[in-house]
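Chain letters run A, B, ... following the sequence lines, proteins first, then strands; residues in each count from 1. Note: hydrogens, waters and symmetry copies are ignored here, and every other heavy atom, side chains too, is used.
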Amino acid sequence: MAKAPVLTPQAQDFPRWYQDVISKAELADNGPVRGTMVIRPWGYALWERMQREVDDRIKAAGAQNAYFPLFIPQSYLQREADHVEGFAPELAVVTYAGGKELEEPIVVRPTSETIINSFFSKWVQSYRDLPMLLNNWSNVVRWELRPRIFLRTTEFLWQEGHTCHATEADARAYARRVLDEVYAEFMENVLAVPVVKGLKTAKERFAGAVNSLSCEAMMRDGKALQMGTSHDLGQNFAKAFDVQYLSSSGQQEYAWQTSWGVSTRMVGGLIMCHGDDAGLRVPPALSSIQVVVMVVRDSDGVRAAVDRLVDELHTSAIRVEVDDRVDTPFGRRAVDWELKGVPLRVEVGPRDLAEGTVTVVRRIPGTKTSVTLAEVARDVTGALVEDQQALYDEALARREDATIDVSTVDDAAQAAATGWARIPWSTLGVEGETLLATQAISVRCLIRADGGVPESADEPDLIAVVGRSY
RNA sequence: CGGGGUGUGGCGCAGCUUGGUAGCGCACCCGCUUUGGGAGCGGGGGGCCGUGGGUUCAAAUCCCGCCACCCCGACCA
């Protein structure tokens with residue numbers, strides 16, 4: 001008789017499956033304050049690898065890391081009208097500290113536009129100071145009424161980039177460059193998550209931005225997740241915080257700005273895009289452990305063979321971990337690694353060694369094969385590359401199958417029950433967008449007919465990608 | 001804000017109707033046997049039963065208040 005499934009099957013109850021994976025794969029726990037989370041080592045390892053890969057790309061795009069404070073004077077938030085209105089409901093405000101009531105309340109940052117701009121106004125003096133490209137790795141707090149671990153938590157970890165440019169065109173181009181070269185490139189090639197890049201509608205735009213661009217991914221239940229955003233801020237904050245520079249022609253000009261961010265929400269996206277009924281599936285390019293070598297039983301020279309194999313894999317620049325917990329039943333260990341989603345398992349036991357082989361188990365396609373000792377390193381290296389691609393291809397095919405072109409608002413609503421719909425923006429319009437909102441369906445982004453990212457929502461022939469979202 | 005529900009070892013629950021001071025599964029600890037797909041057997045540790053009051057010889061159980069959390073609706077995006 002089959003054992004009860006380790007996880008609630010996705011088809012039975014997707015949200016429950018998501019909670020089960022997070023708990024059984026030891027990714028995170030809920031914190032004591034509602035909406036907060038404790039990120040456990042395996043979950044944090046995913047985030048650390050994401051940070052490393054994103055950070056490399058941010059630096060390649062010319063930005064430098066800096067750090068700005070957690071606490072912001074409340075008055076700063078109030079300087080930009082749309083910004084304060086957008087964030088007011090989710091602010092955590094400190095009014096009492098050091099044993100007494102504060103003269104001016106302090107806001108725990110929900111994002112750092114205001115405090116960073118207060119320093120830009122000091123640092124940006126001349127066109128020679130531009131562009132100024134900064135990035136801040138930090139935690140932020142947005143009080144959430146309906147939290148979901150990793151996807152929408154009261155406190156989360158992220159990076160926020162903030163830049164100043166001499167011209168509107170430069171700022172726009174940079175916001176777009178981050179979207180393409182930092183975010184989408186990372187998501188598709190490292191996370192193996194295909195994304196649709198597009199422009200947010202006025203309704204979905206960041207509070208205080210002129211335009212917001214986003215990367216949208218489809219989860220296995222057909223819902224959308226905004227994986228990252230990049231904003232063209234125009235001169236809104238520059239004017240509110242007096243960020244001016246002297247141009248080469250001797251004029252005082254307001255700087256043109258951008259801001260952009262990705263967060264621990266990506267961990268949730270990774271889980272829901274690739275996970276299956278056996279647990280997480282981590283893409284090889286991301287995983288902090290690419291191959292786990294299992295000592296099936298410590299006898300007949302198994303341990304020595306494992307040590308030699310690990311050295312060889314290290315030499316091939318593969319991230320390897322040994323599982324020599326021989327006191328724990330084999331099946332338990334195998335299930336644990338599957339839940340955690342490590343891409344490859346190499347099982348070494350006396351039976352294998354007698355044949356001069358090892359057993360290679362691939363988590364992503366779910367295959368198990370016997371490979372000779374001489375070929376392991378080559379086989380493993382090839383499997384890591386193939387499975388990275390397979391994961392991406394699978395996710396892309398799933399998204400395409402679940403996305404349909406429609407020409408009426410009713411059909412769009414129908415399609416959103418199981419996936420996404422593409423509908424001409426001229427057909428949908430703001431009225432259609434409002435109507436869909438009553439059914440918890442939103443415009444994820446606007447794209448051009450050829451899939452390109454629009455410069456503005458006023459371009460003709462735009463397509464709205466609509467769906468339900470997290 | 002309105003309606004409904006739930007609070008009992010780390011987690012999930014039973015016990016409450018018909019009061020007699022707590023039990024099950026998983027997890028944990030010890031021993032032996034196991035170990036190629038979630039181990040078996042034996043032994044063991046752990047609970048102010050959300051909280052404050054009341055009734056009673058006696059309250060997890062009955063009565064009243066409070067708190068927290070969950071679901072549905074409304075509101076907001």
Checklist entry - With a 4.0 Å cut-off on heavy atoms, is A:R345 in touch with a base, just the backbone sugar-phosphate, or nothing at all? => result base
Checklist entry - From the list B:A39, B:G36, B:G37, which nucleotide is the closest neighbour of the side chain of A:E338? => result B:G37
Item to check | d(CZ, A:R363; C1', B:G37) in whole Å | outcome: 14 Å
Checklist entry - Which whole number of Å gives the distance between the C1' atom of B:G5 and that of B:C75? => result 22 Å
Checklist outcome for this item: Atom CG of A:D323 and atom P of B:G36 are separated, to the nearest Å, by 13 Å
Next on the checklist: Need to verify one output field. Residue with the more 5' nearest nucleotide on RNA chain B, A:P329 or A:E85?
Outcome noted: A:P329
Next on the checklist: For B:C24, give the paired nucleotide (Watson-Crick: N1-N3 plus N6-O4 or O6-N4; G-U: N1-O2 and O6-N3; both under 3.5 Å), or none.
Outcome noted: B:G12
Checklist entry - Taking the C1' atom of each, how far is B:C41 from B:A22, in whole Å? => result 27 Å
Item to check | Touch class at under 4.0 angstrom, heavy-atom based, for A:P89 against every strand present | outcome: nothing
Item to check | Pairwise P distance, B:G73 and B:C28 [rounded to whole Å] | outcome: 40 Å
Checklist entry - Which of the following nucleotides, B:G38, B:G37, B:G36, is nearest to the side chain of A:V6? => result B:G38
Checklist entry - Across the strands shown, which category fits A:S23 at heavy-atom distances under 4.0 angstrom: base, sugar-phosphate, nothing? => result nothing
Checklist entry - Should A:D221 and A:K223 count as an ion pair when the cut-off is N to O under 4.0 Å? => result no
Item to check | Parallel, tilted or perpendicular, as decided by the 30° and 60° cut-offs, for the rings of A:H231 and A:F206 | outcome: parallel
Checklist outcome for this item: note: A:L7, atom CG; B:C26, atom C1'; distance rounded to Å ~ 15 Å
Item to check | Quiz item: cation-pi between A:R142 and A:W158, 6.0 Å / 45° | outcome: yes
Next on the checklist: From CG of A:D20 over to P of B:C11, roughly how many Å is that when rounded to an integer?
Outcome noted: 16 Å
Item to check | Separation between the C1' atoms of B:G20 and B:U61, rounded to whole Å | outcome: 11 Å
Checklist entry - So what does A:D336 touch, heavy atoms closer than 4.0 Å: a base, only the sugar-phosphate, or nothing? => result nothing
Item to check | A:E375 versus A:T372, side-chain donor and acceptor atoms under 3.5 Å | outcome: yes
Item to check | Atom C1', compared across B:G12 and B:U17: separation rounded to whole Å | outcome: 24 Å
Checklist entry - In whole angstroms, how far is the C1' atom of B:G10 from the NZ atom of A:K24? => result 14 Å
Checklist entry - Rounding to the closest angstrom, what is the interatomic distance between B:U21 and B:C67 at atom C1'? => result 25 Å
Item to check | Separation between CG of A:L270 and CZ of A:R49, rounded to the nearest 0.5 Å | outcome: 12.0 Å
Checklist entry - CZ of A:R297 versus C1' of B:A39: gap in Å, rounded? => result 14 Å
Checklist outcome for this item: From CZ of A:R325 across to P of B:G36 the rounded distance in Å is 14 Å
Checklist entry - Applying a 3.5 Å limit to both distances, which nucleotide forms a Watson-Crick or G-U wobble pair with B:U61? => result none
Next on the checklist: Could you tell me how far B:C24 sits from B:G36 if I compare only their P atoms? Round to whole Å.
Outcome noted: 30 Å
Item to check | For B:C66, the Watson-Crick or wobble partner whose two distances fall under 3.5 Å | outcome: B:G50
Checklist entry - In the structure shown, which nucleotide is the Watson-Crick or G-U wobble counterpart of B:G42, with both distances under 3.5 Å? => result B:C30
Next on the checklist: Pick the closest RNA chain B nucleotide for A:V358 and for A:T438 by heavy atoms, then say which residue is nearer the 5' end.
Outcome noted: A:V358
Checklist entry - With a 4.5 Å heavy-atom cut-off, do A:R265 and A:F150 have their side chains touching? => result no
Item to check | Base partner of B:C1, which must satisfy Watson-Crick or wobble distances under 3.5 Å | outcome: B:G73
Item to check | Rounded interatomic separation in angstrom, taking CD1 from A:I22 and P from B:C11 | outcome: 17 Å
Checklist entry - What is the nucleic acid contact for A:E204, judged by heavy atoms within less than 4.0 Å: base, sugar-phosphate only, or nothing? => result nothing
Checklist outcome for this item: pair_partner(B:U17), Watson-Crick or wobble, both distances < 3.5 Å, evaluates to none
Next on the checklist: Under the salt bridge (charged side-chain N to carboxylate O under 4.0 Å, His left out) definition, can you give me all pairs with a residue in residues 74-86 of chain A, not counting sequence neighbours?
Outcome noted: none
